[in-house]
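What you see is a predicted model; the values in this text were computed from it and never measured.
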Amino acid sequence: MQAQAQNFWKRWSSEYLPQCQRRGKWTKLTRNIKVGDLAVLKNDNSPPLLWDLVRVTKVHPGPDGIVRAVTVRNSSGSDFKRPENKLVVLPTENDEVGEGQNAY
């Protein structure tokens, strides 16, 4: 049972999460993280089962207007600042785009 659980989390963190975190070249504009987004906070020092589910409470854009860091709140109510590349924003209904539409 333990091996099954470890296999599930390994596959979930290596196959599903990267699909949620769409990366494009820096030449393409993508949607900035915005206040209210729900995300998983990746932590390299703990197993995926212990990663925090967080809500974005404040964004910190760079001089070019692209969000580089965010302030997030975890389930215990603690606020802390993290770089945006440590977050995997979970998809929502609004992220679903019909064919021929542009979300960005």
Check: K10 main-chain N/O paired with N7 side-chain donor or acceptor under 3.5 Å: no
pair L90-V40: side-chain heavy atoms closer than 4.5 Å: yes
Nearest heavy-atom neighbours spanning I33 and V67: O-CG2, 3.7 Å
Side chain proximity check, L41 to K86, heavy atoms < 4.5 angstrom: yes
W9 side chain to P47 backbone, donor-acceptor under 3.5 Å: no
Criterion side-chain hydrogen bond (donor to acceptor under 3.5 Å, both in side chains) against T71, the qualifying member of K58, H60, K81: H60
Any donor-acceptor pair under 3.5 Å from R68 side chain to P61 backbone: no
Nearest-0.5 Å distance that lies between atom CZ in R73 and atom OG1 in T57: 5.5 Å
Rounded distance [0.5 Å steps], CG in D52 versus CZ in R82: 9.0 Å
Distance in Å, K42 NZ paired with L87 CG, rounded so as to fall on 0.5 Å steps: 9.0 Å
Side-chain touch V72/F80, heavy atoms, less than 4.5 angstrom: yes
